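Since the structure comes first, as structure tokens, the remarks are kept for the end.
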Amino acid sequence: MNRTDYQGMQQLFDDGQMIWVENLLNQSKGRVIGFEPGMIEVEVDRHCERWDISNCREMTHGYAIRYDEVLKHPHEFDSHLD
């Protein structure tokens with residue numbers, strides 16, 4: 001995950017959105033519960049883990065969001081599921 005994706009996820013999290021990520025090393029998935037510099041705190045199967053951002057990808061909507069594209073056209077991006 002690059003820095004732009006990390007900051008986009010952090011902004012959504014700060015706005016109260018529920019964020020889901022996948023660990024690319026072991027394919028475990030969990031809900032984001034916090035952020036630290038370069039790390040993501042994730043709840044996985046009722047326990048907490050810290051994952052390095054380079055080993056993660058966002059899976060909030062079942063796919064990875066490209067925040068670099070969202071930042072280029074913020075008014076055209078709809079993050080709501082209807």
Side-chain angles (χ1 to χ4, degrees):
M1 168 181 308
N2 64 37
R3 191 59 140 170
T4 303
D5 292 341
Y6 178 78
Q7 291 171 340
M9 280 181 27
Q10 194 169 17
Q11 183 175 358
L12 284 177
F13 181 82
D14 291 344
D15 289 344
Q17 299 294 317
M18 191 175 295
I19 307 294
W20 296 85
V21 290
E22 178 181 22
N23 186 313
L24 299 173
L25 298 178
N26 60 20
Q27 282 71 46
S28 55
K29 297 175 183 165
R31 182 177 61 89
V32 174
I33 58 172
F35 290 87
E36 295 180 10
M39 303 289 284
I40 300 173
E41 292 183 69
V42 183
E43 180 182 350
V44 182
D45 297 326
R46 298 184 189 156
H47 71 277
C48 297
E49 298 180 5
R50 287 187 176 89
W51 295 349
D52 188 282
I53 64 170
S54 63
N55 300 329
C56 298
R57 71 175 172 169
E58 180 183 7
M59 298 303 293
T60 299
H61 301 291
Y63 59 89
I65 295 174
R66 297 201 45 201
Y67 288 100
D68 54 341
E69 292 298 317
V70 173
L71 291 173
K72 290 178 191 175
H73 313 285
H75 302 290
E76 296 176 17
F77 183 75
D78 181 11
S79 61
H80 298 89
L81 297 176
D82 296 329

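Predicted model only: the values in this text are computed from it and were never measured. Residues: numbered from 1 along the sequence shown.
- The two atoms that bring Glu43 and Arg46 nearest to each other are OE2-CA, 4.1 Å, heavy atoms only.
- Between Gln10 and Phe13, every side-chain heavy-atom pair lies at or beyond the 4.5 Å cut-off.
- The shortest distance between side-chain heavy atoms of Ile19 and Met59 does not fall below 4.5 Å.
- Judged by distance alone, with hydrogens and angles left aside, the side-chain atoms of Asp52 form a donor-acceptor pair with the main-chain N or O of Ser54 at under 3.5 Å.
- Between the side chain of Gln27 and the main chain of Leu24, a donor-acceptor pair closer than 3.5 Å is present.
- To the nearest 0.5 Å, atoms CG (Leu12) and CE (Met18) are separated by 13.0 Å.
- The environment of Asp45 atom CG is sparse: at most 12 non-hydrogen atoms of other residues, nucleotides or ligands sit within 6.0 angstrom.
- For the pair Met1/Ile40, a side-chain contact is recorded, criterion being any heavy-atom separation below 4.5 Å from C-beta on.
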> Where do Cys56 and Asn23 land on the side-chain contact (heavy atoms from CB on, under 4.5 Å) test, with the steps shown first?
Replying inline: CA-CA 5 Å; Cys56 298; Asn23 186 313; 5.5 Å; no
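- Each of Trp20 and Tyr6 belongs to its own hydrophobic cluster when Ile, Leu, Val, Met, Phe, Trp and Tyr are linked at side-chain heavy-atom distances under 4.5 angstrom.
- Note: Asn55 CG to Leu25 CG = 4.0 Å, rounded to the nearest 0.5 Å.
- From Glu22, atom CD reaches atom NZ of Lys29 across 4.5 Å, with rounding to the nearest 0.5 Å.
- The line from CD of Glu36 to CD1 of Ile53 is 12.5 Å long, rounded to the nearest 0.5 Å.
- Looking only at side-chain heavy atoms (C-beta outward), Phe35 and Met9 come within less than 4.5 Å of each other.
- In terms of hydrophobic clustering, with Ile, Leu, Val, Met, Phe, Trp and Tyr side chains grouped at heavy-atom distances under 4.5 Å, Met39 and Val44 are assigned to different clusters.
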